[in-house]
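Reviewing the structure listed below.
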Amino acid sequence: ISPQVNTEYNQNPLIEGERRDILRVSGRTDEIESTLSIPIHLDGKTVAFLNLDNFETPRAFEGDALEMAHAFAKQVATLLKRLRLESVLRERQDTLEGLADFRRSLLSFMNESLHRGLDEGFYQRFLEQAVAVISGAQAGSIVLERDGLFHFVAAVNFDLPALQKV
């Protein structure tokens, strides 16, 4: 693997105006004698670059330095992959915990309903419970079919008396 040397930072057509001036001053591009840019791949995609610069030697990145830089980039890719997987696992764990909470809540509601029966507040309590435990739910309604038409029987964060006139 041979290093790629780029000494023409200030001539890149994609970097112009103020951005070029910032790079020239803050990135010290006029002083760089040698640079090594190694892509960091994750799942077949380039997600980052490890950029190393030398201000003194035109061919500073050869031999062991080049191998070490590649090894470092691979380690960063491995770390990024692990962090992404851990994030996915946390999200899945949160989802499973939410489902378990929902199941417990639903079982509790069902047991309570079996003791109370289908009283007047059943659908309202059911809907309130659903809105409380279903992620993202902020409002809801239940409509029941009677005589071929659907009628509002419960609402959360809506005007139920007005909806019942529909």
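These numbers come from a predicted model, not from an experiment.
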Seminar exercise, completed: Heavy-atom nearest pair, A60 first then A65, reads O-CB, 4.4 Å
Exercise. Is it true that a side-chain atom of Q164 and a backbone atom of V153 form a donor plus acceptor pair closer than 3.5 Å?
Worked result: no
Exercise. How close do G140 and V131 get, heavy atom to heavy atom, and via which atoms?
Worked result: N-CG2, 4.1 Å
Problem set entry | Shortest non-hydrogen contact from F49 toward S37 | CD2-OG, 3.5 Å
Exercise. Given L50 and F72, is the side chain to side chain contact (heavy atoms under 4.5 Å, CB included) satisfied, shown in steps?
Worked result: CA-CA 9 Å; L50 169 63; F72 189 85; 3.8 Å; yes
Seminar exercise, completed: Taking every heavy atom of A73 against every heavy atom of P39, the minimum-distance pair comes out as CB-O, 4.4 Å
For this session: Without swapping roles, check the side chain of S87 against the backbone of L83 for a donor-acceptor pair under 3.5 Å.
Result: no
For this session: Using a cut-off of 6.0 Å, state whether more than 12 heavy atoms not belonging to E18 lie near its atom CD.
Result: no
Exercise. Out of curiosity, H41 NE2 to K45 NZ, how far, rounded to the nearest 0.5 Å?
Worked result: 12.5 Å
Exercise. In Å, rounded to the nearest 0.5 Å, how long is the span from CG of L23 to OG1 of T29?
Worked result: 6.0 Å
Exercise. Honestly curious: do L127 and F158 fall in one hydrophobic cluster under the side-chain, below-4.5 Å linking rule?
Worked result: no
Exercise. Is the number of heavy atoms from other residues, nucleotides or ligands within 6.0 Å of CD (Q138) greater than 12?
Worked result: no
Exercise. For F126, does the CZ atom have more than 12 heavy-atom neighbours from other residues, nucleotides or ligands under 6.0 Å away?
Worked result: no
Problem set entry | salt_bridge(R84, D43) N-O dist < 4.0 Å | no
